[in-house]
Amino acid sequence: MRNYGGKLKRFNLSKKKRLAKGEQFKAVLARAVCMSNGLLRLYMAENDCGYPRLGISVGREWGGAVVRSRLKRVLREVFRQSQDEIPAGFDYLVMLSRSRSDKSDKAERAREVVRRLSFEQARASFLTLVKAAAAKATREE
RNA sequence: AGAGUGGGUCGGGCGGUCGCCGGUUCGUCUUAGGCGGGCCGGAGGAAAGUCCGAGCAGGACAGGGCACGGUGAUGGUCAAUGGCCACCGGGGGCGACCCCAGGGAAAGUGCCACAGAAACUACACAGCCGAUGGCCCCGGCUUGCCGGGGCACAGGCAACGGUGAAAUGGUGCGGCAAGAGCGCACCGCGGCGCCGGUGACGGCGCCGGCAGGGCAAACCCCACCGCCUGCAAGACCAAAAAGCUGGUACUCGGCCCGGGUAUUAACAGCAGGUAGGUCGCUUGUCGAAAGACAGAGCCGACUGGCAACAGUCGGUCAAGAUAAAUGGCCGCCGCCUGCCUCAAAAGGCAGGAUACAGAACUCGGCUUACAGACCCACUCUUUUU
RNA sequence: GGCCCCAUCGUCUAGGCAGGUCUAGGACACCGGGUUUUCAACCCGGCAACAGGGGUUCGAAUCCCCUUGGGGCUA
């Protein structure tokens, strides 16, 4: 856990660190390495900016505007505070793992977990995914 | 104390820290611009559904009508409305109060299943009576009349028909051959008059004996309202590629005009408007600023009004994103429940709840969703005094 | 964001605009039986639906209103 009371490492997240156009999303999806666990799904692709960039996509199946905005904020905050722990020079496209059987009670419960997603959960999940994806990317090269 | 009705308010708060969006200002590098810092502002009562009404923008348009859509008691109110207020009528509730698209069925068309004689149509069908006439039989006798019985021929009647959601007004008494508003009483209905009310309508009185079923959220008729499309409206800037014109070279030609071919990796211009961007777009206008003025703007007080609302005065100026900002973490307080200390106030411990929901051009309403808390007015029941 | 449309058995649909024996019809699927040595095909029978809530009406799948859930067009 990060020490908030002591010396702080400060991160910003300005607009150029975001993926902002449909074309950019498509480009990442075309070139990316894909990894997923039970919670998140990560697409990771090299860019030539020298810094990491983030894109988030949350579909309608997760709830209304309130729920989706909250999920996006949490994921954005995770990315912001993890910038020094992930490889720079990559684009990261984060989505939520699709629950396959849409109408079962199990999927409904999984969706409830996602709606109540906490910051620490999301952060841990994201970091393990990045590590795995980075390993996969270097192996492929 | 319990049960309930109507209306209104709030929708956790404070601090620290790291961020995000917009505005403004300062510093710095500097061509635009980038980076860093300060200050200010940054979701809701429903921001939602997109059900109405406006502003705004573009298009259409002499005027009028048709068509289409909407609304529908009355009187107000509002920029406007299908909203809101008051009142009337009908229905529900013991009551506070709630609900109602609530014009027209003697303009026309259509429908009314099943059941029923019949669903709007006839002096129908089934039926009742047959007093009065007529015919037949019996008795009496004063021999053409009386009495009794029968027929259902003339004729009279519309109660009865038990089905249905609905059947030519209902109940009771009288009346009659049988009956019938045929007569009467009460209720309902219609017409007239008077009174009250701006009006819908209500009250009272008189008269009429009853007009004639329902459905218009069926077509329709009447009255009133409504042009169409929507900020992805619309305005501006404008890459690339292609196009056109010019230029250049060659050619037809004595030369100009003109035509043809080539060049487009030698170049210029052009409109169109795509990708993309800016404005619209966050109160507006004027002003250097202070400020002033204007807003269907918001808040409060007063006045008028039963009220919706209006007027005056004072204060206030309020998010502006576009893969879409308003968040993460920490601490404290607050809310509910239980236990303990305690006369109470209060304190301590443990557990729990924190809903519905996210601006997308802007307003006024309506509808729908919602944890919990509070306030005001009122009704009914029970107990005590 | 704006503007529209739709909802009927497990699936595709008829009925709706002219409300009534519509306890909603048909096809495919499923189940049971028959036929066949067996299977297929065929025949007979069965199961199974008006998205939810109000209103109008004597009566609503149908007409009106409100929700819910799908789908389309528009840069």
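Just so it is clear: chains get the letters A, B, ... in the order the sequence lines come, proteins before strands, and each one is counted from 1.
In this entry the distance linking CG of A:Leu71 with C1' of B:A324 reads 16 Å, nearest Å. Rounding to whole angstrom units, CZ of residue A:Arg76 and P of B:G328 are separated by 10 Å. As a whole-Å value, the separation of A:Ile56 CD1 from B:U322 C1' is 16 Å. A straight line from CZ of A:Phe119 to P of B:G327 spans 15 Å, rounded to a whole angstrom. As a whole-Å value, the separation of A:Leu54 CG from B:G19 P is 17 Å.
Comparing the same atom, C1', in B:C215 and in B:A119 gives a spacing of 13 Å after rounding to whole Å. The gap from the C1' atom of B:G55 to that of B:G92 amounts to 44 Å, rounded to the nearest Å. Comparing B:G226 with B:G202, their P atoms sit 34 Å apart, to the nearest whole Å. B:G6 and B:A86 have their P atoms separated by 15 Å, with the value rounded to a whole Å. Between the P atoms of B:A357 and B:A377, the separation comes to 35 Å (whole Å). For the P atoms, the distance from B:C317 to B:A290 is 13 Å, rounded to whole Å. The gap from the P atom of B:C66 to that of B:G90 amounts to 38 Å, rounded to the nearest Å. Between the P atoms of C:C17 and B:A117, the separation comes to 33 Å (whole Å).
Annotated as anti: C:G69, whose glycosidic dihedral deviates from 0 by more than 90°. Base orientation at B:U248 is anti, since its O4'-C1' glycosidic dihedral falls outside 90° of 0. An anti orientation is assigned to B:A126, its glycosidic angle lying beyond 90° of 0. Taking the O4'-C1'-N9-C4 or O4'-C1'-N1-C2 dihedral as appropriate, B:A318 has a value within 90° of 0 and is therefore syn.
Nucleotide C:C73: paired with C:G2 (Watson-Crick or G-U wobble, both distances less than 3.5 Å). Here C:A24 sits opposite no nucleotide as a Watson-Crick or G-U wobble pair (both hydrogen-bonding atom distances under 3.5 Å). The partner of B:G347 is B:C340, by the rule that a Watson-Crick or G-U pair needs both atom distances under 3.5 Å. If you check B:G212 for Watson-Crick or wobble pairing at under 3.5 angstrom, you find it has no partner at all. The partner of B:A241 is absent, by the rule that a Watson-Crick or G-U pair needs both atom distances under 3.5 Å. Across all strands shown, the partner of B:C14 is B:G331, judged by Watson-Crick or G-U wobble contacts whose two distances both fall under 3.5 Å. In this structure B:G108 sits in a base pair with B:C219, meeting the Watson-Crick or G-U test at under 3.5 Å. The partner of B:A377 is B:U5, by the rule that a Watson-Crick or G-U pair needs both atom distances under 3.5 Å.
Here A:Ser125 pairs with A:Asn37 under the side chain to side chain donor-acceptor pair (under 3.5 Å) rule; sequence neighbours left out. Under the rule for a side chain to side chain donor-acceptor pair (under 3.5 Å), the partners of A:Asp91 that lie at least two apart in sequence or sit in another chain are A:Asn47, A:Arg53. Judged as a salt bridge (Lys or Arg N to Asp or Glu O under 4.0 Å), and not counting sequence neighbours, A:Arg68 has no contacts. Not counting sequence neighbours, A:Lys131 has no partner by the side-chain contact (heavy atoms from CB on, under 4.5 Å) test. Residues meeting the salt bridge (Lys or Arg N to Asp or Glu O under 4.0 Å) test with A:Arg76, sequence neighbours left out: none.
Taken together through direct or relayed side-chain contacts under 4.5 Å among Ile, Leu, Val, Met, Phe, Trp and Tyr, A:Met95 and A:Leu39 form parts of separate hydrophobic clusters.
For the pair A:Pro87 and A:Met44, the tightest heavy-atom approach, listed with the atom from each and the gap, is CG-CE, 4.1 Å.
In this structure, A:Val33 stands alone, with no Ile, Leu, Val, Met, Phe, Trp or Tyr side-chain heavy atom under 4.5 Å from its own, directly or through other members. Clustering of Ile, Leu, Val, Met, Phe, Trp and Tyr by side-chain heavy atoms under 4.5 Å joins A:Tyr51 with none of the others.
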Close N or O pairs between protein and nucleotides 66-72 of chain C (under 3.5 Å):
none

Scan nucleotides 351-361 of chain B against the protein and return all N/O pairs shorter than 3.5 Å with their distances rounded to 0.1 Å.
{"residue": "B:G358", "atom": "O6", "partner": "A:Arg73", "partner atom": "NH1", "Å": "3.3"}

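At least one donor-acceptor pair under 3.5 Å links the side chain of A:Gln121 to the backbone N or O of A:Ser118. Side-chain N or O atoms of A:Glu85 include none that pairs as donor or acceptor with a backbone N or O of A:Ser82 at under 3.5 Å.
In this structure, A:Phe25 packs face-to-face on the six-membered ring of B:A323, meeting both the 5.5 Å centre cutoff and the 30° plane limit.
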